[in-house]
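What follows is a short report on a single structure.
Quick note: residue numbers are just sequence positions, from 1.
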Amino acid sequence: EVGPSLDRCSATASVAAASVDTGTAMRDDDLRSERFFDAETYPTLAFTSTAVTGSAGKLRVVGELTIREVTREVSLDAEFLGLDETGLQGEARIGFSGRVRLRRSDFGVGAAAEGGKVVIGDLVDVEIDLEAALEAALEEGPAS
């Protein structure tokens, strides 16, 4: 939600754990399995912001991230990419890019293979590219 000032902005996101797609089917199946996201038991990854600070171009979005029903505070560095007032359907569109570094172990996401060997590192970099139609523009319909 974009407000008149940063302290009036907020963000929420929900992602289906089964939608993980790295481009490698075997790795995706492993990530969806009980060893990692356990998508069958915990079908959703969720984020709700608690604060947005910074400047118009560089933002810090602090919020609660939930993975496998474990919730932790995270801080996302985001960049405002711009506003396009003439989207394909005449709607205004807004873009953001963001990054956050997580410890998978903070969320109970495992990495041990058979025999207990650790097969990946604990730190995970998450990159987000977001494009959204502004709701007010959708309510008004295409520009004439």
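- Contact record, A17 with A39: CB-CB, 3.7 Å, taken as the closest heavy-atom pair.
- Residue pairs meeting the salt bridge (charged side-chain N to carboxylate O under 4.0 Å, His left out) criterion with at least one member in residues 2-29, sequence neighbours excluded, are D29-R32.
- By the ring-ring contact (aromatic ring centres under 6.0 Å, His included) test, F96 is found to be paired with F80, residues two or more places apart in sequence or in another chain being considered.
- Using a 4.5 Å heavy-atom threshold, the side chains of L65 and T71 count as separate.
- No donor-acceptor pair closer than 3.5 Å links the side chain of R72 to the backbone N or O of R103.
- T44 is linked by a side chain to side chain donor-acceptor pair (under 3.5 Å) to nothing, counting only residues two or more places apart in sequence or in another chain.
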Side chains of residues 46-63: which donor-acceptor pairs under 3.5 Å do they make with residues two or more places apart or in other chains?
{"residue": "S49", "atom": "OG", "partner": "A11", "partner atom": "N", "Å": "2.8"}
{"residue": "S49", "atom": "OG", "partner": "A11", "partner atom": "O", "Å": "3.3"}
{"residue": "T50", "atom": "OG1", "partner": "V62", "partner atom": "O", "Å": "3.2"}
{"residue": "S55", "atom": "OG", "partner": "K58", "partner atom": "N", "Å": "3.4"}
{"residue": "R60", "atom": "NE", "partner": "S75", "partner atom": "OG", "Å": "3.1"}
{"residue": "R60", "atom": "NE", "partner": "D77", "partner atom": "OD1", "Å": "2.9"}
{"residue": "R60", "atom": "NH2", "partner": "D77", "partner atom": "OD1", "Å": "2.5"}
{"residue": "R60", "atom": "NH2", "partner": "D77", "partner atom": "OD2", "Å": "3.4"}

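- Side-chain atoms of D84 do not come within 3.5 Å of backbone N or O of R93 as any donor-acceptor pair.
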### Task
Could you walk me through whether R99 and D125 pass the salt bridge (Lys or Arg N to Asp or Glu O under 4.0 Å) test, one step at a time?
CA-CA 7 Å; R99 330 176 66 111; D125 290 322; 5.1 Å; no
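- Side-chain contact between V126 and I128 is present, with at least one heavy-atom pair separated by less than 4.5 Å.
- With sequence neighbours excluded, no residue forms a side chain to side chain donor-acceptor pair (under 3.5 Å) with E1.
- Shown here for V70 and F107, the closest heavy-atom pair between the two residues is O-CD2, 3.5 Å.
- Legend: residues meeting side-chain contact (heavy atoms from CB on, under 4.5 Å) with Y42, ordered by chain and number and at least two apart, are D38, R68, E69.
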